[in-house]
**Q** 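Input: one structure, supplied below.
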Amino acid sequence: MNRSFTRIFLGGILIFLIIQVIQPVRNIDYGQVPSSDISKVYKVPENIQSILRTSCYDCHSNSTDYPVYGYIQPFSFFLENHIKEGKKELNFNVWGLYSKRKRSHKLDAVENQIMQRKMPLPSYLYLHQGAKLSDEKIKEIVDWVESVRTENL
Ligand code: HEC
C-alpha cells in the first residue's frame with residue numbers, strides 16, 4: 001500500500017472515531033401517552049394507532065424508537081435532522097394544542113402525503129420495511145381521516 005493512501009485511510013478512521021463523540025439529545029419521553037396526543041382528541045381505532053405508531057411516530061412525535069444506527073455518526077445526524085424537521089411540521093403528541101384551522105390543514109396534509117406516497121420518507125423505508133404503507137393501510141388512514149373530519153370539524 002502506498003503511504004499517502006495509508007495516511008488518508010487512517011485519517012478517515014480517526015475522523016470517524018472523533019465524530020462519534022458528538023451525540024444529540026435523544027427524542028425520547030419515557031412517559032405515557034401525553035394528554036394532548038391525537039388519540040385523546042379523536043377516536044383513533046387500534047388499527048390506525050398501530051399504523052401511525054409504526055410508520056409515523058418516529059419522526060412525528062416526542063418519542064422515537066431508535067434503531068442501532070441511530071447511535072452511530074453520521075447516520076445519527078441525518079436521523080435527528082429528520083426528527084427535528086418532521087416534528088416541526090407535524091407532531092401527533094401535541095395535536096390537542098393545535099387550533100381548529102391547523103388541525104384541518106394537517107389532516108389534509110396527512111391524506112395528501114400518504115396518497116402520493118411521500119410519507120413515510122422513502123429513505124426511512126430502506127431500513128424500516130415494516131413501516132411501508134400497503135394500499136389497504138393507505139385506504140384505512142384515508143377513511144379514518146374522512147370520518148374524523150365529519151365528526152369533529
Ligand atoms: C423518517 C422520518 C419521517 C417519517 C417516518 C414520517 N415523516 Fe412525515 N415528515 C418528515 C419530515 C422531515 C417532514 C418535513 C419535510 C418534508 O415535508 O419533506 C415531514 C412532513 C410531513 C407532513 C407535511 C406537513 C405539512 O403541513 O405540510 C405530513 C402531513 C407528514 N409528514 C405526514 C407523515 C405521516 C402520515 C407519516 C406516516 C405514515 C410520516 N409523515 C412519516 C419525516 C418523516
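Basis for what follows: all heavy atoms, side chains included, without hydrogens, waters or symmetry-related copies. Each ligand, and each atom within it, is numbered from 1 in the order the structure gives.
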**Q** Determine whether a donor-acceptor pair (N or O, by modelled atom type, separation under 3.5 Å) exists between the side chain of E140 and the backbone of N47.
**A**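 No, E140 side chain to N47 backbone: no donor-acceptor pair under 3.5 Å.
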**Q** For ligand 1, list the protein residues that place a heavy atom within a distance below 4.0 Å of one of its atoms, sorted by chain and number.
**A**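 Correct list: S55, C56, C59, H60, H82, E85, G86, E89, L90, H105, K106, A109, V110, Q113, I114, M119, P120, L121, Y124, L133.
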**Q** In plain terms, say whether R149 and E111 are close enough for a salt bridge, that is, a side-chain N and a carboxylate O under 4.0 Å apart.
**A**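 E111 and R149: salt-bridged.
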**Q** Quick one: salt bridge (Lys or Arg N to Asp or Glu O under 4.0 Å) pairs with a partner in residues 61-75, sequence neighbours left out?
**A**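 Pairs touching residues 61-75 that pass the test: none.
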**Q** Should the pair W95 and Y98 be assigned to parallel (<30°), tilted (30 to 60°) or perpendicular (>60°) ring geometry?
**A**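 Ring orientation, 0 to 90° scale: tilted.
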**Q** Would you call D135 and K139 a salt bridge, using N to O less than 4.0 angstrom?
**A**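 No.
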**Q** With a 4.0 Å cut-off on N to O distance, would you call D108 and R103 a salt bridge?
**A**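 So D108 does not pair with R103 through a salt bridge.
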